[in-house]
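Because only heavy atoms are used, hydrogens play no part in the values below, and waters and symmetry mates are left out as well, while side chains stay in. The chains referred to below are lettered A, B, ... by the order of the sequence lines, with proteins before strands, and numbering in each begins at 1.
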There are 2 protein chains.
Amino acid sequence: MTLSEKFRRGDLMSAACPSREVLKHMTSRWGVLVLIALEGDSYRFSQLRRAIGGVSERMLAQTLQWLEADGLVLRTAYDVVPPHVEYRLTPLGVEAAERVRLLADWIETNLPRIAENWRGSVE
Amino acid sequence: MTLSEKFRRGDLMSAACPSREVLKHMTSRWGVLVLIALEGDSYRFSQLRRAIGGVSERMLAQTLQWLEADGLVLRTAYDVVPPHVEYRLTPLGVEAAERVRLLADWIETNLPRIAENWRGSVE
DNA sequence: ACAGGCTGCTTACCAATCGTAAGTACGCAC
DNA sequence: GTGCGTACTTACGATTGGTAAGCAGCCTGT
């Protein structure tokens, strides 16, 4: 098996595999939240920023650019003033967002079970 | 609804919610790969390091400590020389790893579709 | 009329994080 | 007795991330 054959389908355990980059974008601190937010609806930049608590404009812009470059998010700019830009998921992005949301949902519902382990120093 | 009621079940869109920390640990660059590796088998430290291409000892140790503190990974140290430490998933960790693997599998199998978007500058 | 706000970014700067390399303690093989 | 293997920790430099300010032009308020 040649290297290119090995990487046609990704191999995350190999340091050199490009799938590592995709993983990095999708599981980045804000990438996860962007995908989940956009799963429900399309958003404008500032709207998305308000929906996701705590993102800086800088990081939101960067995250959206990553996801756009990976073909998960579609950016549509209307040339008006004030600027109007819409972000929505591509079909590929919808599939990705589903998986990410499953993970996020699990964390949200199981937070109590996880948090039990934090009480170590108390008691 | 009080703040504590709001956070008994996590709310990832709120900047102050502790679920953000868990998300950070599970979706960290190495956290994902650790969970997936440990899903199949228990591993010793160095063994895990070799299995996951490209991790430094420093980051592997830190990642394992995060996951241990969240109750996803169980660390068992045998007091022998040379040191022998085993890492395995807890039942909670198994559930988490399943979700993470679904995401990873999707990336690996859909890498070709994603990579198509990178050919923008070529051609 | 004219200051200030809103839009979607980008840039400059500083702090936190991460990776690399080395140190540690101890036993065993050569 | 030199060197390897184990599981880490620590020091330091490089990369990344967050904060704040800038930009360009219309709309609102006074």
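Each of A/V55, A/L64, A/L35 was evaluated against A/W30; a single residue qualifies, A/V55, per the side chain to side chain contact (heavy atoms under 4.5 Å, CB included) test.
Using a 4.0 Å heavy-atom criterion, one finds that A/R75 contacts the sugar-phosphate atoms exclusively. Counting non-hydrogen atoms under 4.0 angstrom, A/Y78 reaches nothing in the nucleic acid.
Distance from the side chain of A/S46 is smallest to C/dG8 among D/dT9, C/dG8, D/dA7. The side chain of A/W66 has D/dG17 as its nearest neighbour among D/dG17, D/dG5, C/dG8. Among D/dT16, D/dA7, D/dT19, the nucleotide with an atom closest to any side-chain atom of A/S56 is D/dT19. Of the listed nucleotides (C/dT7, D/dA7, C/dG8), C/dT7 has the atom at the smallest distance from the side chain of A/R50.
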What verdict does the side-chain hydrogen bond (donor to acceptor under 3.5 Å, both in side chains) test give for B/E108 and A/S19, after you've listed the backbone C-alpha separation in whole Å, the side-chain angles of each residue and the deciding distance to 0.1 Å?
CA-CA 6 Å; B/E108 286 182 334; A/S19 59; 5.4 Å; no
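When each of A/P82 and A/V55 is assigned the nucleotide of DNA chain D with its nearest heavy atom, A/V55 is the one assigned upstream, toward the 5' end.
Atom CE of B/M59 is separated from atom C1' of C/dA16 by 12 Å (rounded to the nearest Å). Straight-line distance from the CD atom of A/Q65 to the C1' atom of C/dT11: 13 Å, rounded to whole Å. Atoms CZ (B/R58) and C1' (D/dA11) sit 10 Å apart, rounded to a whole Å. The nearest whole Å value for the distance from the CH2 atom in A/W30 to the P atom in D/dG18 is 6 Å. Following rounding to the nearest Å, A/Q62 (CD) and D/dT15 (P) show an atom-to-atom distance of 15 Å. Straight-line distance from the CG atom of A/L64 to the P atom of C/dG8: 11 Å, rounded to whole Å. As rounded to whole Å, 18 Å separates atom C1' of C/dT7 from atom OH of A/Y43. What separates CD of B/E21 from C1' of C/dT17 is a distance of 13 Å, to the nearest Å.
Note on ring orientation: taking the six-membered ring where Trp is involved, the planes of B/Y87 and B/F45 are tilted (angle from 30° to 60°).
Between A/R88 and A/E39 there is no salt bridge, since no side-chain N of the basic residue sits under 4.0 Å from a carboxylate O of the acidic one.
For B/R29, a side-chain nitrogen or oxygen approaches OP1 or OP2 of C/dG19 to under 4.0 Å.
Remark: the B/S42 side chain and the B/E86 side chain contain an N/O donor-acceptor pair separated by less than 3.5 Å.
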